[in-house]
Amino acid sequence: MDGAGLPQVRSTCPYCGVGCGVLLRPDGAGGLGVEGDPAHPANRGRLCSKGMALGQTVGLEERLLAPRVDGVETGWDTALDLVATRFSETIAKHGPDSVAFYVSGQLLTEDYYVANKLMKGFIGSANIDTNSRLCMASTVAGHRRAFGTDTVPGIYDDLEEADLVVLVGSNMAWCHPVLFRRLAAARAERGTKVVVVDPRRTATCEIADLHLKLRPGTDVALFNGLFAHLREVGALDMRFLLEHTTGFDEAFRAASADQIDATGLAAGDVARFYRMFAATERTVTVFSQGVNQSSTGSDKVNAILNCHLATGRLGQPGQGPFSVTGQPNAMGGREVGGLANMLAAHLDLEDAGHRAAVRSFWSAPAMAESAGLKAVEMFRAVGDGRIKALWIAGTNPAVSMPDADAVRDAIRGCAFTVVSDITARTDTARLADVLLPATGWGEKDGTVTNSDRTISRQRPALPAPGQARHDWAIFAEVGRRMGWAEAFDYRAPAEIFREHAALSKIAGGFGRDFDISGLADLSDAGYEALEPVRWPVSANRTGGRFFGDGRFFTPDGRARLIPVRQAAPATRRSPRYPFRLNTGRTRDQWHTMTRTGLAPRLSRHLAEPFLQIHPSDAETVGLEPAGLARVTSPQGSAILRVLISEDAAIGAPFAPMHWTGETASAGRVDALVAPMTDAVSGQPESKASAVAVTPFEAGWYGFAVSARKPEADTAYWARVRSETGWRMELAGERAEADWTAFARDLFGTGSEPQVFSDAASGVVRLAFTAPDGTLDAALFVSPEPVAVARDHVAGLIGQAAGDVLAARAGGAGFDPGPTVCACMGVGANTLLAAIGTVGPDLDRICEATGAGLTCGSCRPEITTLIDRFAPREAAE
Ligand SMILES: Nc1nc2c(c(=O)[nH]1)N[C@H]1C(S)=C(S)[C@@H](COP(=O)(O)OP(=O)(O)OC[C@H]3O[C@@H](n4cnc5c(=O)[nH]c(N)nc54)[C@H](O)[C@@H]3O)O[C@H]1N2
Ligand SMILES: Nc1nc2c(c(=O)[nH]1)N[C@H]1C(S)=C(S)[C@@H](COP(=O)(O)OP(=O)(O)OC[C@H]3O[C@@H](n4cnc5c(=O)[nH]c(N)nc54)[C@H](O)[C@@H]3O)O[C@H]1N2
Ligand code: SF4
Ligand SMILES: [Mo]
């Protein structure tokens with residue numbers, strides 16, 4: 001209880017794999033106060049901008065509140081009967097492999113466990129795959145090849161105890177911000193050296209002693225070169241290699257056959273990195289999607305693991321390879337075996353003994369015997385009719401899968417599609433035959449596992465809205481209706497958790513890593529009160545690091561070094577498609593924006609789909625700053641705002657993955673991504689598609705603000721929320737003949753606007769006022785990219801309409817510029833002004849402006865502004 005007497009609920013942030021603890025304080029009217037939990041070991045009270053804004057995302061405006069069949073609201077009985085009947089009929093007629101589930105690392109462990117059990121033990125197919133295939137599959141494959149199991153050896157504290165941290169293909173400053181702050185703090189304290197390996201310069205480079213801007217897809221060459229260097233300088237741990245590993249000779253031979261030139265890096269930089277690595281016992285190598293999302297992702301992982309095994313650097317404080325997971329429950333999904341090629345509890349689907357043990361534990365009538373279809377293959381099978389009934393839960397594949405237009409068409413063409421989501425307004429939900437309303441974060445009740453194996457509770461602080469039900473309850477009810485009443489007779493998540501924990505004892509018995517049997521007898525009250533706990537939790541041991549004892553989960557107990565060779569990305573460039581498109585994340589949006597998009601303050605930072613492109617590339621293809629680019633690939637096309645920046649790699653522009661058909665006209669970058677996958681893991685290559693870039697020749701540009709959601713039908717538009725309603729960027733090929741008619745359509749109004757029109761410049765401005773004289777909507781049109789102070793104009797909605805049409809619209813007030821600090825709404829111009837007055841001191845600038853003091857996620861960007869714009873002599 002807090003001072004106000006309202007109950008305070010301890011829960012976990014639903015976004016990234018850092019897994020920060022949060023304290024929730026419901027206000028009794030549907031709202032939620034959110035702060036960091038000082039007692040949670042992952043964040044110790046810190047939160048990033050996304051966590052801080054969680055309270056702005058729990059409103060019910062966009063929520064799906066009742067089941068729908070063919071777009072018509074219905075009761076649960078009708079919807080679930082239909083789902084059970086259609087799945088049963090399809091299986092009876094075409095066999096178990098004619099149906100599939102596509103689920104998500106954002107489901108809770110209990111949800112995931114039930115879905116996996118239903119498919120693998122009862123339907124009798126392994127056609128359950130997950131968006132983790134797009135995310136962690138290469139790491140899973142690499143871990144299993146080297147360790148025998150999918151085991152993350154280290155813990156977060158290692159980042160603070162290391163003397164060298166190498167970040168490979170990880171933009172930690174934006175994607176794991178709280179972990180980044182922990183690392184930055186440790187570095188300030190003990191002088192940790194940081195190396196970033198990324199083809200582009202990111203905010204993460206702010207704390208880098210060395211940034212290796214390697215050519216895309218050449219990490220294997222870099223780490224193979226390191227392996228060879230380690231031997232050359234005598235940095236190998238011969239005892240560890242002899243006693244605890246196999247495969248050295250072959251792996252070393254493969255490594256020495258590679259040429260470091262492939263990376264395109266300066267020899268001096270490479271030598272410096274190799275010297276640092278060789279000399280530093282306490283080294284942690286963090287890796288993320290720049291490694292995983294590659295046609296050689298598994299080999300990249302093993303190239304990194306080889307170097308740690310060769311030096312014996314793992315399982316000790318401050319040492320080890322460290323895969324940081326993306327989604328809040330990526331790890332939990334792996335633990336329940338949610339991938340099509342895994343069983344439950346880190347057991348192997350291909351092992352008959354493991355299968356038999358799980359079959360008997362579940363009393364399963366029809367165990368899957370072999371691996372099911374991995375995501376890319378699965379949607380191909382949906383497209384060609386082999387899969388006839390599909391259930392998608394907690395993910396938005398029409399946006400996030402490679403070759404997204406083809407995936408969208410496949411889902412649309414599927415004979416029967418079920419989608420469980422919290423909203424109907426997603427590109428995927430729009431294609432569903434049956435739409436099921438799930439409870440969302442803040443309402444859900446269960447567990448998640450973060451990147452360092454810590455299991456934490458998500459606890460409900462809000463009631464389930466409308467008819468929404470928990471995902472586990474929906475899967476279980478369908479299981480019961482398909483005829484397996486006893487096996488799916490769950491009444492509470494604690495029961496499911498206990499079963500999951502009991503099953504892991506079998507895994508422990510087989511000598512596997514994932515054993516939480518110590519939690520199998522947890523009472524309901526114990527589950528309710530469960531504190532964050534790191535697995536394993538068994539009679540033998542709790543938490544800690546793996547492999548410190550040199551024992552691995554392979555048949556001979558030794559780790560394997562894996563021979564890997566550098567290979568170019570699978571998608572080939574050509575004169576027609578000369579660029580490599582890199583894709584990924586921005587600081588304040590989460591994936592397809594269904595939740596972060598609800599928080600106006602998160603939409604102020606990078607509020608449009610963009611193409612970050614190097615000045616030399618921009619010049620080659622004739623792009624203008626702030627203009628628009630058309631990007632095409634053999635798969636599809638997109639129109640993106642041009643952001644010219646030396647941070648981008650030459651030849652490899654970058655675009656965010658967040659924009660959808662709901663938020664932009666042509667911003668879905670996965671429409672461009674080729675469905676090429678890693679041969680070992682099946683993970684798609686999301687970061688190296690061959691594309692062409694040309695200017696989009698806009699006849700006009702527009703900017704709109706509105707109290708209500710505007711609807712456009714122009715070649716380019718992108719729409720986000722503002723504190724007062726909505727704002728939208730627009731462009732079209734040819735100017736409209738009648739801007740008043742256009743604006744009325746845009747804003748859905750019949751009323752008469754005030755119009756300012758300047759024939760000489762082609763500038764047109766229209767303003768609609770509400771009956772009380774306040775500004776309702778406004779549109780700014782110009783033949784050039786529109787220059788107005790956007791935040792200022794958005795702020796005029798609901799105010800006296802006054803000067804919005806004045807010649808220098810927005811010029812009246814100071815333009816704070818694009819938002820840098822989302823928590824306090826501090827813009828770049830405000831920060832530049834502060835740099836001018838207080839000098840190039842980060843803390844003083846933060847004090848002066850209020851930026852960077854709340855969650856700190858923007859501190860790397862403020863440092864960049866200081867580096868670039870502070871007067872040189874003052875900066876010394
Ligand atoms: N703000 C925010 N945070 C998130 C998410 C989000 O949507 N928004 N999503 C979460 C999820 S699910 C995930 S998986 C993580 C992802 O976290 P990250 O992996 O850190 O994020 P990405 O932006 O996908 O990609 C990381 C970097 O890989 C680089 N890269 C591209 N190609 C190569 C290459 O060939 N080699 C190397 N070394 N690097 C390369 C890119 O330039 C990019 O900077 O983030 C999690 N956190
Ligand atoms: N080009 C490119 N593509 C990528 C990536 C990339 O870097 N580049 N990254 C890939 C990676 S790593 C990932 S993880 C994926 C992420 O891609 P997705 O998983 O497709 O993205 P999300 O927006 O997180 O989708 C989650 C969906 O679940 C819904 N939802 C939220 N909470 C709940 C709940 O409790 N229950 C249910 N049933 N639904 C819920 C949300 O409204 C949303 O529609 O994208 C992948 N695609
Ligand atoms: S770092 Fe941010 S997004 Fe990730 S769990 Fe923590 S608060 Fe949530
Ligand atoms: Mo991910």
Side-chain angles (χ1 to χ4, degrees), residues 12-20 22 36 42-43 46-52 54 104-108 111 131-132 134-136 167-172 174-180 197-200 202 204 212 214-219 222 287-294 300 324-328 330 393-402 404 419-423 426 428-429 436 438-441 443-444 450 470-471 474 569 581-596 649 652 654-658 660 669-670 672-673 684 686-689 855 857:
T12 312
C13 174
Y15 299 125
C16 84
V18 177
C20 296
V22 288
N43 58 316
R46 292 185 176 105
L47 292 180
C48 76
S49 48
K50 293 179 296 300
M52 293 290 299
L54 274 166
S104 165
Q106 293 169 69
L107 294 176
L108 306 185
D111 303 328
N131 59 4
S132 283
L134 320 179
C135 183
M136 304 313 305
L167 296 158
V168 194
S170 156
N171 184 8
M172 191 185 262
W174 281 8
C175 296
H176 299 90
V178 166
L179 211 48
F180 181 80
V197 182
D198 194 310
R200 65 182 183 123
T202 63
T204 304
L212 297 176
L214 82 181
R215 276 192 200 122
T218 59
D219 305 77
L222 181 68
F287 54 99
S288 187
Q289 299 314 337
V291 168
N292 292 333
Q293 290 174 336
S294 155
K300 287 184 179 184
V324 281
T325 51
Q327 299 181 92
T395 175
N396 191 359
V399 180
S400 58
M401 281 285 294
V419 173
S420 309
D421 206 297
I422 56 170
T423 170
T426 80
T428 303
L436 303 175
T439 50
W441 177 83
E443 302 143 17
K444 292 182 73 121
N450 73 3
H470 299 314
D471 285 292
I474 304 174
L581 181 69
N582 181 6
T583 64
R585 294 157 171 80
T586 61
R587 192 190 74 196
D588 287 354
Q589 292 299 346
W590 177 261
H591 297 165
T592 70
M593 293 167 61
T594 62
R595 288 174 291 165
T596 44
F654 173 89
M657 61 166 294
H658 304 298
T660 69
V669 295
D670 270 297
L672 299 161
V673 175
S686 315
K687 290 188 162 29
S689 292
C855 77
S857 305

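First listed ligand is number 1; within each ligand, the first listed atom is number 1.
- Close contacts between ligand 2 and Ser686 involve ligand atoms 2 (C), 8 (N) [criterion: under 4.0 Å to a heavy atom].
- In Met136, neither the side chain nor the backbone holds a heavy atom less than 4.0 Å from any atom of ligand 1.
- Tested against Lys50, the residues Cys16, Pro177, Ser857 include a single side-chain contact (heavy atoms from CB on, under 4.5 Å) partner, Pro177.
- Taking a cut-off of under 4.0 Å to the non-hydrogen atoms of Gly19, the atoms of ligand 3 that pass are 5 (S).
- The distance criterion of under 3.5 Å between nitrogen or oxygen atoms is not met by Arg215 with respect to ligand 1.
- Scanning all protein heavy atoms for the shortest distance to atom 44 (O) of ligand 2 gives Asp421 OD2, 2.6 Å.
- Per-residue contacts place Cys135 under 4.0 angstrom from the following atoms of ligand 1 (heavy atoms of the residue considered): 14 (S).
- When only interatomic distances are considered, the shortest N/O to N/O separation between Val197 and ligand 1 falls below 3.5 Å.
- For Trp174, every heavy-atom contact with ligand 1 shorter than 4.0 Å involves the backbone, none the side chain.
- Near Cys13, with a cut-off below 4.0 Å to any heavy atom, the atoms of ligand 3 are 3 (S), 5 (S), 7 (S), 8 (Fe).
- Atom numbering of ligand 1 starts at 1 in the shown order; those under 4.0 Å from a heavy atom of Lys300 are 34 (C), 35 (O), 36 (N).
- Against a heavy-atom cut-off of under 4.0 Å, Pro177 is close to the following atoms of ligand 3: 1 (S).
- Neither the backbone nor the side chain of Val399 comes within 4.0 Å of ligand 2, counting heavy atoms alone.
- Between Trp590 and ligand 1, a contact under 3.5 Å exists for no N or O pair.
- Of all atoms in ligand 1, numbered sequentially from 1 with element shown, those under 4.0 Å from a heavy atom of Asn582 are 31 (C), 41 (C), 42 (O).
- Of all the atoms in ligand 3, the ones that sit under 4.0 Å from a non-hydrogen atom of Tyr15 are 3 (S).
- The atoms of ligand 3 that sit less than 4.0 Å from any heavy atom of Gly51 are 7 (S).
- One option in Asp219, Thr583, Leu222 has a heavy atom closer to atom 38 (N) of ligand 1 than any other, and that option is Asp219.
- Any N or O atom pair closer than 3.5 Å counts here, and Thr426 shares no such pair with ligand 2.
- Ligand 1 places these atoms under 4.0 Å from at least one heavy atom of Ser170: 20 (O).
- Atoms of ligand 2 found under 4.0 Å from any heavy atom of Asp670 (numbered from 1 in listed order, with element): 1 (N), 2 (C), 3 (N), 4 (C), 47 (N).
- Not a single N or O atom of Asp588, backbone or side chain, sits closer than 3.5 Å to an N or O atom of ligand 1.
- Checking only distances, Gly217 does come within under 3.5 Å of ligand 1, N or O to N or O.
- Heavy atoms of Cys175 found under 4.0 angstrom from ligand 1 belong to the backbone as well as the side chain.
- The shortest N or O to N or O distance between Gln293 and ligand 2 is under 3.5 Å.
- At under 3.5 Å, not a single nitrogen or oxygen of Gln327, backbone or side chain, sits near a nitrogen or oxygen of ligand 2.
- Close approach of ligand 3 to Leu47 is summarised as follows: ligand atoms under 4.0 Å from at least one heavy atom of the residue are 7 (S).
- Taking a cut-off of under 4.0 Å to the non-hydrogen atoms of Lys50, the atoms of ligand 3 that pass are 3 (S).
- Looking at Arg587 next to ligand 1, an N or O pair under 3.5 Å apart turns up.
- The single protein non-hydrogen atom nearest to atom 37 (C) of ligand 2 is Asp471 OD2, 3.6 Å, given as residue, atom name and distance.
- Nearest non-hydrogen protein atom to atom 21 (O) of ligand 2 is His591 CB, 3.4 Å.
- Summarising the contacts of atom 33 (C) of ligand 1 with Pro216, Pro199, Pro656, the nearest heavy atom is found in Pro199.
- Remark: among candidates Asp198, Thr592, Thr218, the nearest residue to atom 43 (C) of ligand 1 is Asp198, based on non-hydrogen atoms.
- Counting heavy atoms under 4.0 Å from ligand 1, residue Thr586 touches it through the backbone alone.
- Comparing heavy-atom distances from atom 26 (C) of ligand 2 across Ser400, Pro684, Gly394 singles out Gly394 as nearest.
- Not one N or O of Thr202 is nearer than 3.5 Å to an N or O of ligand 1, by distance alone.
- For ligand 2, the polar-atom distance check against Ser104 finds no nitrogen or oxygen pair separated by under 3.5 Å.
- Near Gln289, with a cut-off below 4.0 Å to any heavy atom, the atoms of ligand 1 are 14 (S), 16 (C), 19 (O), 24 (O).
- Among protein heavy atoms, atom 24 (O) of ligand 2 sits closest to Gln106 NE2, 2.7 Å.
- In terms of protein heavy atoms, atom 31 (C) of ligand 2 is closest to Ile422 CD1, 3.8 Å.
- When the heavy atoms of Ala652, Pro328, Ser288 are ranked by distance to atom 19 (O) of ligand 1, first place goes to Ser288.
- Atom 41 (C) of ligand 2 has its closest protein heavy atom at Thr594 OG1, 3.2 Å.
- With a 4.0 Å heavy-atom cut-off, ligand 2 is reached by the side chain of Ala438 but not by its N, CA, C or O.
- From the protein, the heavy atom lying nearest to atom 11 (C) of ligand 2 is Arg585 NH2, 3.3 Å.
- Listed by number with element, the atoms of ligand 3 under 4.0 Å from a non-hydrogen atom of Val178 are 1 (S), 6 (Fe).
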